[in-house]
S.K.: 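Handing you a structure now.
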There are 2 protein chains.
Amino acid sequence: MDKFLQTFARYVLDKKLNITAQRLTIAESFFKSEKHLTAEELYLVVKNFDPSIGQTTVYRTLKLLCDSGLAREIQLGNTSINYEKNYDTEHHDHLICESCGKIIEVTDQSIEFLQNKLAEKHGFTLTTHVLNLYGLCKECHENREHLLNNKKKYFLKKY
Amino acid sequence: MDKFLQTFARYVLDKKLNITAQRLTIAESFFKSEKHLTAEELYLVVKNFDPSIGQTTVYRTLKLLCDSGLAREIQLGNTSINYEKNYDTEHHDHLICESCGKIIEVTDQSIEFLQNKLAEKHGFTLTTHVLNLYGLCKECHENREHLLNNKKKYFLKKY
DNA sequence: TTACCTGCAAACAGTTTGCAGGCCG
DNA sequence: CGGCCTGCAAACTGTTTGCAGGTAA
């Protein structure tokens with residue numbers, strides 16, 4: 001973890017920018033977090049540490065983290081931007097439960113391989129990709145069985 | 001095309017809503033369009049037909065079209081929501097050029113198959129998925145060759 | 001000292017909502 | 001006629017920007 005802070009610090013210095021308490025606090029909170037946070041969510045976490053930090057600075061620091069390659073923007077819902085760690089980890093895809101919001105990260109080499117082949121076929125040079133699979137997780141699927149039954153009844157009545 | 005208008009009209013009536021000139025104009029413009037429009041873009045098209053239509057109505061009608069299953073929201077860039085036709089077409093993935101913005105629609109059965117297997121492995125029941133491949137199209141890749149060379153020089157100088 | 005950094009408030013873009021009047025059926 | 005529909009303006013959300021004062025090096 002400190003390793004990432006150091007990487008971040010080095011990047012900041014390289015760009016002739018300053019290392020500040022705010023930037024370190026925000027970066028550290030980001031590295032510590034387990035989830036895909038939005039700027040808003042990270043702001044709330046950071047504010048617990050140091051209530052004087054404003055959200056503007058969180059936005060700006062997240063942008064810095066992305067520039068440095070340590071973070072990455074991802075699109076999960078249609079609402080706002082989530083930020084994901086982008087170091088020390090393979091690229092991964094997401095299984096997203098539309099009911100409880102749970103997100104499972106997965107990697108699948110054979111899918112990656114086919115994606116590359118597909119891009120090649122169309123003359124594309126890939127830089128990145130997004131694969132989100134939306135649906136219901138096992139638990140939610142079971143809980144919703146009765147809802148589905150209701151829907152079935154509705155259709156039967158209708159036709 | 002008229003077929004889709006009729007489907008839309010039937011859906012509207014089914015929901016005990018009214019068929020109005022605005023809704024028909026907006027739906028027709030949407031069906032005619034070849035691209036993935038945003039609400040804003042569709043509004044501009046519609047305004048050519050009938051300048052009295054407001055964007056609020058475009059938003060509301062697009063929502064109706066989604067409810068009816070004839071349209072679908074998709075995320076392409078990080079900015080706004082694009083709407084895509086969702087009828088009479090297979091599901092398709094997108095190859096997106098980050099330079100010129102060109103979008104190529106593709107389908108790949110073997111990738112779909114692997115996605116389903118992946119979801120199954122995690123107990124997920126899929127409803128939909130998003131696969132966007134970002135990169136450079138052939139033309140842009142070639143045009144950017146010299147830019148890449150400049151970057152290389154930069155790195156060599158630095159290390 | 002000098003340029004960068006920060007928090008605040010204001011601006012902004014995309015989208016949604018409240019409302020008064022209008023139209024469909 | 002009654003409830004749905006519309007356009008307008010205003011509200012809202014997430015994000016960015018201008019600015020005056022503060023801080024790193």
Side-chain angles (χ1 to χ4, degrees), chain A residues 5 8-30 36-68 71-83, chain B residues 5 8-30 36-68 71-83:
Chain A
L5 265 186
F8 179 56
R10 210 175 311 131
Y11 174 80
V12 168
L13 289 177
D14 271 7
K15 287 204 94 177
K16 310 273 185 206
L17 304 176
N18 295 334
I19 293 172
T20 65
Q22 290 95 326
R23 283 180 177 163
L24 291 179
T25 306
I26 295 167
E28 200 176 349
S29 299
F30 176 73
H36 304 96
L37 298 170
T38 62
E40 187 74 18
E41 288 163 347
L42 183 56
Y43 170 58
L44 293 176
V45 173
V46 162
K47 226 164 69 168
N48 279 340
F49 265 86
D50 178 353
S52 74
I53 293 180
Q55 32 184 344
T56 311
T57 307
V58 174
Y59 275 100
R60 290 194 268 228
T61 304
L62 273 173
K63 199 143 281 181
L64 256 189
L65 282 164
C66 288
D67 291 345
S68 77
R72 199 156 59 88
E73 296 188 351
I74 52 170
Q75 272 289 343
L76 294 180
N78 271 330
T79 41
S80 51
I81 303 170
N82 288 271
Y83 292 86
Chain B
L5 263 187
F8 179 57
R10 210 175 311 131
Y11 174 81
V12 168
L13 288 177
D14 272 7
K15 286 204 94 179
K16 311 273 187 208
L17 302 176
N18 294 335
I19 292 173
T20 65
Q22 291 95 325
R23 283 180 178 162
L24 291 179
T25 305
I26 294 167
E28 200 177 348
S29 298
F30 175 74
H36 305 96
L37 297 170
T38 62
E40 187 74 18
E41 288 163 347
L42 183 55
Y43 170 59
L44 293 176
V45 173
V46 162
K47 225 164 70 168
N48 279 340
F49 265 86
D50 178 353
S52 73
I53 293 179
Q55 33 184 343
T56 311
T57 308
V58 174
Y59 276 100
R60 290 194 269 228
T61 305
L62 273 173
K63 200 144 281 179
L64 257 189
L65 282 165
C66 288
D67 291 345
S68 77
R72 199 156 60 88
E73 296 188 351
I74 51 170
Q75 271 290 341
L76 293 180
N78 271 330
T79 41
S80 51
I81 304 169
N82 289 68
Y83 292 86

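Residue numbers begin at 1 in each chain, while the letters A, B, ... track the order of the sequences.
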S.K.: Which residues pass the side-chain contact (heavy atoms from CB on, under 4.5 Å) test with A:T20, sequence neighbours left out?
M.R.: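 Listed in chain order: A:N18, A:Q22, A:R23.
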
S.K.: What distance separates A:N82 CG from A:L62 CG, expressed to the nearest 0.5 Å?
M.R.: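 A:N82 CG to A:L62 CG: 10.5 Å, rounded to 0.5 Å.
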
S.K.: Applying side-chain hydrogen bond (donor to acceptor under 3.5 Å, both in side chains), can you list everything that pairs with B:S52, at least two apart in sequence or on another chain?
M.R.: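 Checked B:S52 against side-chain hydrogen bond (donor to acceptor under 3.5 Å, both in side chains); matches are B:D50.
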
S.K.: Once rounded to the nearest 0.5 Å, what's the spacing between atom CD of B:E73 and atom NZ of B:K63?
M.R.: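 Output value for this atom pair is 6.5 Å.
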
S.K.: Starting at atom CD of A:E40, determine the distance to atom P of D:dC12, rounded to an integer number of angstrom.
M.R.: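 Going from A:E40 (CD) to D:dC12 (P), I get 15 Å.
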
S.K.: Measure the OG1-CG distance between B:T61 and B:D67 for me, rounded to the nearest 0.5 Å.
M.R.: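 Separation between the atoms: 11.0 Å.
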
S.K.: So which of residues 17-26 of chain A are in contact with DNA chain D, with a heavy-atom cut-off of under 4.0 Å?
M.R.: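 Within this stretch, A:N18, A:I19 sit under 4.0 Å of the strand.
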
S.K.: Are any of A:Y59's side-chain N or O atoms less than 4.0 Å away from OP1 or OP2 of D:dT15?
M.R.: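 The answer is yes; a side-chain N or O of A:Y59 sits under 4.0 Å from OP1 or OP2.
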
S.K.: May I ask you to list the residues of residues 41-56 of chain B, by number, that have any heavy atom positioned under 4.0 Å from an atom of DNA chain D?
M.R.: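 Hits under 4.0 Å, by residue number: B:S52, B:I53, B:G54, B:T56.
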
S.K.: Who pairs with A:R72 by salt bridge (Lys or Arg N to Asp or Glu O under 4.0 Å), at least two apart in sequence or on another chain?
M.R.: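 Expected list: A:E84.
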
S.K.: For D:dA25, does either OP1 or OP2 sit under 4.0 Å from a side-chain N or O belonging to A:K16?
M.R.: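 No.
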
S.K.: Whole Å only: how far is the OH atom of B:Y83 from the P atom of C:dG14?
M.R.: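 In whole Å, C:dG14 P lies 13 Å from B:Y83 OH.
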
S.K.: If I take atom NZ from residue A:K47 and atom OG1 from residue A:T25, how far apart are they, to the nearest 0.5 angstrom?
M.R.: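 OG1 of A:T25 is found 15.0 Å from NZ of A:K47.
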
S.K.: Answer yes or no: does a side-chain N or O of A:K63 lie under 4.0 Å from OP1 or OP2 of D:dT15?
M.R.: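 So the side-chain polar atoms of A:K63 never come under 4.0 Å of the phosphate oxygens OP1 or OP2 of D:dT15.
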
S.K.: Any chance you could measure B:I19, atom CD1, to B:Y11, atom OH, to the nearest 0.5 Å?
M.R.: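 Between B:I19 CD1 and B:Y11 OH, I get 13.0 Å after rounding to 0.5 Å.
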
S.K.: Check the interface with nucleotides 19-22 of chain D: list each N/O to N/O pair with the protein under 3.5 Å, or write none.
M.R.:
none

S.K.: To the nearest 0.5 Å, what is the distance between NZ on A:K16 and CG on A:D14?
M.R.: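 It comes to 8.0 Å.
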
S.K.: If you take all heavy atoms of A:A27 and A:L5, which pair is closest and at what distance?
M.R.: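 So the two residues come closest at CB-CD2, 3.9 Å.
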
S.K.: Work out which heavy atom in A:F30 is nearest to a heavy atom in A:L65; give both atom names and the distance.
M.R.: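 Scanning both residues, the minimum pair turns out to be CD2-CD1, 4.0 Å.
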
S.K.: Rounded to whole angstroms, how far apart are CD1 on B:I81 and C1' on C:dT15?
M.R.: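 In whole Å, C:dT15 C1' and B:I81 CD1 are 8 Å from each other.
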
